[in-house]
Amino acid sequence: MADIPSGLLEACVVVGAASDKLREVHQSHQQGKIKELPLLGAEVLQVHAPPFVTKESASSETQAHAPAFSRVQRRRSFIKKKKERAGIANGETAKGSDGGGDTTTEDISVPKDLDLIALPQLCFPGGLQIASEQREDSYHYLVFTDVFGNRTHAVVVQYYRPIQDVGHQNGHRSSSKSSRLYTAYGICVISKYPYYNALRDCLSCLLTQLKPSWMGDFEERVKEFSAKLALVPIPPPGQLHVVFNLRPLQIGLPSREDKDRPAVDLDLHLPFLCFRPRQLLQIITSLLTEQRVVLLSCDWARLTLLAESLMLFIHPLVWQHPFVPILSRQMLDFLMAPTAYLMGCHLHHYEEVAAEVAAETDDLILVNIDDGTVSSSWSDGIDLPDVPMAAAECFITRVEGLQVHYDLEVCHLGASTEVNERRAQRKQWQRKLNTHIQNITLELIVNIFREVHDHLNYEHRVFNSEEFLRSREPADQPFYKKVLDTHIFHSFLKDRLNRKMDAFTCMELSTRTEDYRLRSMTESPRRPTMQELARKYTSPESRLSKRLGASLPNLGESGGSLVGPLRQTSFKNIQVDSGMKSPQRPVRFFKLPEFPPPLAYHYVQNYYQEMITLLGKAISGAASEDSSLLARYHYLRGFVNTVAGKRLDALEDFQNLYKTDTDIFPGELVNALVDSLQEGEQALADRRPEIKRLISRVKRDHERERARHVDQGVKRFQLPKKHMQLEDFVRRVQESGIVKDQGTIHRLFEALTVECCKSSLGWHGGGSAVKASSQSIFYLDSNLEGQQKQVDPEIFRVFYTFWKETEAEAQEVALPASALEHLEANECVFKLSSSVKTSHGVGKIAMTQRRLFLLTEGRPGYMEVTKFRDIEEVKISSAPFLLLRIPSLKIKTTLRKETFEVNLKSEVDLWHLMVKEMWAGRKMADDHKDPQYMQQALTNALLMDAVVGCLQSQKAIFAATKLAHFDRMKLEVPLMVPKTTSETLKHKINPSLDLTSPQAVDVLLYTPGQLGVSSDSEGDGNPKLWCALSDGKVVVFDAASWSMQQNQVQVGTSRVNCMLGVDRQQVWIGTQDSVIYIISTRSMSCNKQLRDHRSEVTGLSLGERSEKYSPKVAYSCSAEGTVMVWDVSTLQVRKQFRVSCDRLQSVQLCNGTLWCCARDCIMEVWKNGMLHRKICLPEQLCGSPTAFSSFLLYHEREQLWTACIDVGELCVWHLREPTKPFQRIQLPDCAGVTCLIKVKNQIWVGGRGWSSGKSRGKIYVVDAQRHTVEKELVAHTDCVQALCSAEDRYVLSGAAREDGKIAIWKVE
C-alpha cells in the first residue's frame, strides 16, 4: 500500500549519556582518578512526536484527524526511568526495573514503528566520547527499514555541551576553574521522506538557538522545534516545491519528479567524486546481481549518502534486501546475515570485516569510499560479470561529460552578500546536475534491459528467459545469467508485464529508433538483417538514424519492408544524445507562512487557515492552461484542509485533481476521508453533487480494487510435460514466443496432430540428434465421435528445439561481400539449403523475405534466382541422373526466359511448399497493400520447416501442407482485388499486432503535425494517427512513417465512442463508462478526466471561435440526451442542457447552432439549448426498425447528408426546407452505413455490403455535386466502423473485429 503523505516530522529524539554517569565521570575527573576519558553508553533522553496540540475539550470527533499532519495510528508509550545506579554498561539503554530507589516516570507518545532500543547506538555508532575540549558539530544520516520494506529516514547531529557540576543548579554555572569536560548530545530528526539536506539545515538552525541557551531550556526548545517541523506539509510529485523560514535560513523541500520516484534531496555527484566510472559500474553490478556489499568510510555521513545515491542509480529497479548504511560497532554481527545486503561500517573495521566476517560467509564486495576502490574479501580480483559492453561505454562517455565542480560554474560571478541567495544559487545548480545524473543512470538501466519486453508474453505473464539469453552477445551473457535470477529483476518484470508507465518505459519508448519502430510493425521471426551481418563482419561506424519529417510520406514509393527481426542491436548504435533532451518544467515554489507558536491550538488552526488562504490565492493567480501547477496547489490545499478538520473542502480539492492531474490523486487518503465522515458531514456532502459523486466513485473503485488485488507473478517459459489439447497448445506456443496469432497456432496444431506411423522418430539439426515419441497424437477413445486431438509433449519439445536451433544457425550465416551488396539492409536469411546442383552451378539456395538467391561454391559468388513477386510458376519435376531420376524444383519467372532448376533431392517437397507459400503471400501483400500478409507467409514457411524437421516421417510433408494458408486461399478462393480498390488503396497497417487476435477499430482520429517543431519541445512535430481499439485501448501511430509510436494508452476499460483533437497538446476521448479522458500528446499519458456526464459519452465537437482570443470551447453529449459546453482552458462546464430523443449519438457545431444526431431524429438546437428544428426519419423508413447512424453538414451548399444503420442509401436535405430529402443516393450492394466524412468535393461513406457473394466492409466515394457514386472500394473483410481524413490527402478507414485493420486510401 502506498504511504499517505504526512508532515515532515515523524519524531525527534534526543540521545545522550545518563546524568548520573556524567556526574560520576565529572567528579572522577576533578579528583584526578581517571587518566583517559571513557566511552559512555548512550540512552534516549527525550522523544517528541506529533500530535503536539489538540483541542482543550478533545472529543473523539476531533481526535479522528489530529493536526500537524500526523497520521492516525496506534502509538505506544515510552517510559523513561531515571534511577540512582552504580553504573550503566556501555551501549545499554535505560530500562525500567523492579529494584528499589526513587523513580521518575514520564509517558511520551512514540510512533509505533520507531525502535528506541537500537537508536542510541546508531546516533553514536562509534560510541559517545567525553571530550576535554569543544568539538565541531558532526552530522550523519540513517535509514530504517521495517519488515514490509518501508523506509524511514533520519538526520543526526552530534554537538557538544560542557558538563556542568551537578551541585550547581537553578541555572547558575559552575565557578570552578578546573578543566572543563564536554559531552555529546545527539538530536535525531526522523521523517518518512528522504529530505537529508533539508533536515540537516533544520538542525543547523536549531543549534543556533541551543548553543547559547541554558540547559534548562533545552527540552522546551527542541519540542518547539519539533512542533514547527510537524506543521510542514510534503509537496506533491511534480514541479511545485515547498519552502519555509526557520531562522536564519530559508529551507526548501524539493518534490518528487513523479509518483514512482523518491524525492532527491542529496548531492548525487558525490559518488562520481569518490569513484571512477568503471568502479561505479562494478558497484552497480554487485547490486543488480544481489551480492553482499559492504561500504566503508571514516566519515559516517558518506555511508548513507553513497548508499542512497546507489539506490537512485538503479531506479526503477528496487533493492529488495537488508539496507543498513550504518552499522555501529555493536552491530557488526549483522554482516553474518545469510542473504544479500547493502550495509556500511567505519573504515577501521576493514580488517575485521575482510577476515573474520568473510570467513563465515560467502564472498563480500568491499567498497572503500575514501580510497575509491572496490575489492573482494576472498581474492585480489573481483568475481563480478561486466556490465554489457555497449551500455557501459555509453555510460562512461556520459559521465566523462559531467561538470561536477560547482566552483568552475560560478567562478565568473561576484560574491553574494546574502546567505539565502547563495544557497538558492547552489541548489539550482545541484538540481540541474542531479537531473542530468539521473538521466545518465536511467539510460544505463534502459540500455541494459531495453529488449526485455521483446521476450514477454503479456497475456500469460511469461518471460522467455532462455530466448532472451540466447539473443545476448556471448560476452554479455554471464551478466544476464546472474541478473535474471534475482528478486530485483523479478520485481522489475512484474512492472513490465503490468505495462507500468514509469521513467524506464518513457525513456525506452522515446529512444527507439525509427528502424526499430518499423520492424516492430510486423511480428517476424528473429533473424539478423544484412545491415547487422555487415556490421558483424566489417564493423562500420555507427550511423545515427534520421528522424522522418513532419510531412506525410509518399506511399507510392516503395519504402523499406516492414518485415524484419524484432531484436534491436541498439547498443551498437546508441545515439549520443538519445534520451538526454527531456525538457525540464520550470520549478515553482510555495512559501509557507511564518510559523506560529506551535504549541497553542488556536495559533496552529490560524496557521492552517492562513496557508489555505495563500493556496487559494495561488490557485486564482495560476494560469488556467497550467493544469499541472493547479493540480499541485489543489493537492496541497486538500491536505491542509484535511489536517484542519475541513473534510468536505479537502474532498472538493481532491475532486479537482480529476480535471488537472489524476496521476497524483491520493486514493487511499480520500478513501480514509470518506470513511471518517460524520453524519452531519455526510448530509452536507449529499447536497454537493460533485462531492457526492466523488464519494460513490471512491467507494466503488475501492471495492473493485480489493476484489482484483491479486499479486500476479511472473512465469518463466517451460516446455510442457503433459499432452496438450488445443486451448493448452495455443497458450504454450504463445508463451514460447514463436507466434502469437491464434489462427496460425490452430493450423500448427492441425499439422502436429497428423497421425504418424508407430516408428521411432529421429531428426538431425545443429549437430545434435533427438529421439521423439513414436506417435504425435493419440485419441481418448478411437471408437467415439468428436475425438479430441492432443499434441505429445515430446513432439512439442522436438519442434521447439528445431525452431530455436534453426534460429541460432541463422545468426551464424556468413555471406560473401558480393551477396551483402545485392541485398537490402533489412533483409534476413531465413532458410539455407544444403549444397545442391542447379542449372547455374553448384551452391546453396538461400531464402529471405523478398527473394531466392544462389550462393555459388568454389569461388563464392551471388546469383539472384528471383524475387517472390516475379514468380510465374513453381513445380516439381524429375531430372535424369544415370539410371535414376532425381526430383528437382523448377521456378519460372517473368523476368527470365529460362527456367531455374535446382536438384533439392529429399528437400524438394519442403522447398516447393515454402516457395509457393511465400509467392502467394507476396502476391496478396502486393494486391492488398498489406505487408503483414508477407510476414504471415514467412512465418508459415518457417513453421513448415520446423514441422518437417521434427516429424521426419512419411506424413511430414502432408502435415506441413496444413500450414500452406495463403497458397490454399489462392487455390480455393482467388481473392481478386477490384481494380478501383487497388488503384486507390495505398497501404494497410495492423493496430492489433501486439495482441493475440484482431480487435475492432472503433474510432480513428488524425492530428496534424507542425513543421519546425522538434520532438523535445512542447509537443511532437509529426502528425499522428490515433486508433481506439476495444476495452479502452488507444494505439498511436506516427503518421509521417506509419510506424507505431505508442503501442497502448489505456483509457478506462470500456469501449471508446469518440475522439477529438482539441489542440496540439491534448486529445479528448469519450467512452462508454461516462468519462471523458484527456491524453497529453507530449507525454502520451492520460492524467485528466472529466466525470460530469451520467451516461456513456457518445459525441465530441469543437466550438467555433467568434474572436481570435475568445475562450476555446468544446461540446460533448451523452446517450441520454445531455449536452455540455466546456471551457477548454479551465475544463469547467460553462453550460449544459438536455434534448429529448432516442439515444443521442453525436453533435456538431455549424454557423452558431448545434446539430444533434439521435437514432430517431436530427435536431438543430440553439446554443442555449432551445430546439430550433427537428428532422425525423424519411417517410419511407418510418415503419422499418432502422435508425440514423450518422450525418454530415455540407454548409457551403446548405445541405444535410444522412445515413441509416440498415439502409443502403444516403439522403440529402436542403437546410432551408428540411421537410424531406430532395435526393436519395442508392449505394450498390450496400447493407448499411456507419460513418460519413467530407473530403474535398467528395463524400466518403463507410459501411458494410456484399462483394463476390460475401459480406465485406465497403467504402463508397460519392461526388458531392452530381450525387453519384464515383468509386466502390472493398478492402476490409468486416464492416467499416471508422473514417477520418489526413489533410485531405489520404482517408483512413478502420474495420470491425474480424478484420481489425486500418486501410490508407489516396484522395484524388
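Along the sequence shown, residues are numbered consecutively beginning with 1. Heavy atoms only: backbone and side chains are in, while hydrogens, waters and symmetry mates are out.
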Side chain to side chain contact (heavy atoms under 4.5 Å, CB included) assessment of Leu268 paired with Leu433: CA-CA 8 Å; Leu268 289 182; Leu433 180 59; over 6 Å; no

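- Note that the CG atom of Asp371 and the OG atom of Ser297 stand 9.5 Å from one another [nearest 0.5 Å].
- Nearest heavy atom pair, residue Cys394 against residue Glu443, reads SG-OE1, 3.7 Å.
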From CA spacing to verdict: side chain to side chain contact (heavy atoms under 4.5 Å, CB included), Leu122, Phe144: CA-CA 10 Å; Leu122 294 173; Phe144 311 105; 3.6 Å; yes

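- Contact between Glu508 and His453 at its shortest, heavy atoms only, is OE2-NE2, 3.4 Å.
- In the displayed structure, Arg499 atom CZ is contacted under 6.0 Å by more than 12 heavy atoms of other residues, nucleotides or ligands.
- Among all heavy-atom pairs drawn from Leu9 and Pro50, the shortest one is O-CG, 4.0 Å.
- Considering all non-hydrogen atoms of both residues, Met507 and Val446 come closest at SD-CG2, 3.9 Å.
- A donor-acceptor pair is defined here as one N or O able to donate and one able to accept, closer than 3.5 Å; such a pair exists between the side chain of Arg461 and the backbone of Gly713.
- Looking at heavy atoms from C-beta onward, Ile314 lies in side-chain contact with Ile284 at the 4.5 angstrom threshold.
- No donor-acceptor pair closer than 3.5 Å links the side chain of Asp663 to the backbone N or O of Asn1087.
- Distance check, rounded to the nearest 0.5 Å: CG of Asp485 to NZ of Lys482 gives 11.0 Å.
- One finds the CZ atom of Phe479 at 11.5 Å from the CZ atom of Arg472 (value rounded to the nearest 0.5 Å).
- For the pair Gln320 and His490, the minimum side-chain heavy-atom distance is 4.5 Å or more.
- With hydrogens and angles disregarded, a donor-acceptor distance shorter than 3.5 Å links the side chain of Asp299 to the backbone of Ala301.
- Atoms NZ and OG, on Lys715 and Ser465 in that order, are 13.5 Å from each other to the nearest 0.5 Å.
- A 4.5 Å side-chain heavy-atom check between Leu657 and Pro666 finds at least one atom pair inside the cut-off.
- We find that Arg261 and Asp502 are not joined by a salt bridge, their nearest charged nitrogen and carboxylate oxygen being 4.0 Å or further apart.
- Remark: aromatic rings of Phe463 and Phe492 are distant, center separation not under 6.0 Å.
- Using modelled atom types, one side-chain atom of Asn498 and one backbone atom of Lys494 make a donor-acceptor pair closer than 3.5 Å.
- At least one side-chain heavy atom of Leu469 sits less than 4.5 Å from a side-chain heavy atom of Lys481.
- Under the 3.5 Å distance criterion, with hydrogens and angles disregarded, a donor-acceptor pair is assigned to the side chains of Gln430 and Asn434.
- By the 4.5 Å heavy-atom criterion applied to side chains, Arg496 and Phe504 are counted as neighbours.
- Other residues, nucleotides and ligands contribute over 12 non-hydrogen atoms within 6.0 Å of the CD atom of Gln1050.
- Checked by atom type and distance alone, the side chain of Ser1080 never pairs as donor or acceptor with a backbone atom of Ser1085 at under 3.5 Å.
- Between Ala337 and Tyr341, the closest heavy-atom pair is O-CE2, 3.8 Å.
- Of the possible polar contacts, none joining the Thr285 side chain to the Asp386 backbone as a donor-acceptor pair under 3.5 Å is found.
- Not one N or O on the side chain of Gln279 forms a donor-acceptor pair closer than 3.5 Å with the backbone of Gly372.
- Tyr193 contributes no side-chain N or O that, together with a main-chain N or O of Gly7, makes up a donor-acceptor pair within less than 3.5 Å.
- In plain terms, the two heavy atoms of Phe272 and Phe395 that are nearest each other are CE2-CZ, 4.2 Å.
- Note that CG of Leu229 and SG of Cys202 are 5.0 Å apart. Values are rounded to the nearest 0.5 Å.
- Residue Leu335 holds its CG atom at 6.0 Å from CE of Met343, rounded to the nearest 0.5 Å.
- The backbone N or O of His269 sits nowhere less than 3.5 Å from a side-chain atom of Asp267 that would complete a donor-acceptor pair.
- Side-chain N or O atoms of Asp260 include none that pairs as donor or acceptor with a backbone N or O of Pro316 at under 3.5 Å.
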Evaluation steps, side chain to side chain contact (heavy atoms under 4.5 Å, CB included), between Val264 and Leu312: CA-CA 9 Å; Val264 180; Leu312 292 169; 4.0 Å; yes

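- In this structure the side chain of Thr304 reaches within 4.5 angstrom of the side chain of Tyr196, judged on heavy atoms.
- Arg292 and Ser286 form no side-chain donor-acceptor contact under 3.5 Å, judged by distance and modelled atom types alone.
- Using a 3.5 Å distance cut-off with no hydrogens or angles, the side chains of Arg450 and Thr511 do pair a donor with an acceptor.
- Proximity of Tyr635 to Asp661: side-chain heavy atoms (C-beta onward) are nowhere separated by under 4.5 Å.
- Of the candidates Leu119, Val155, Leu203, Cys188 forms a side-chain contact (heavy atoms from CB on, under 4.5 Å) with just one, namely Leu119.
- Using modelled atom types and a 3.5 Å distance limit, the side chains of Ser628 and Arg632 yield a donor-acceptor pair.
- Relative to the six-membered ring of Tyr139, Arg200 misses at least one condition, a distance below 6.0 Å or an angle of at most 45° to the axis.
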Worked check of side chain to side chain contact (heavy atoms under 4.5 Å, CB included) between Leu281 and Leu444: CA-CA 10 Å; Leu281 287 174; Leu444 171 68; 3.8 Å; yes

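- Around CZ of Arg278, the count of heavy atoms belonging to other residues, nucleotides or ligands within 6.0 Å does not exceed 12.
- Residues Glu308 and His153 bring a donor and an acceptor atom of their side chains to less than 3.5 Å of each other.
- Residues Ile234 and Arg256 form no side-chain contact, since every pair of their non-hydrogen atoms from C-beta on lies 4.5 Å or further apart.
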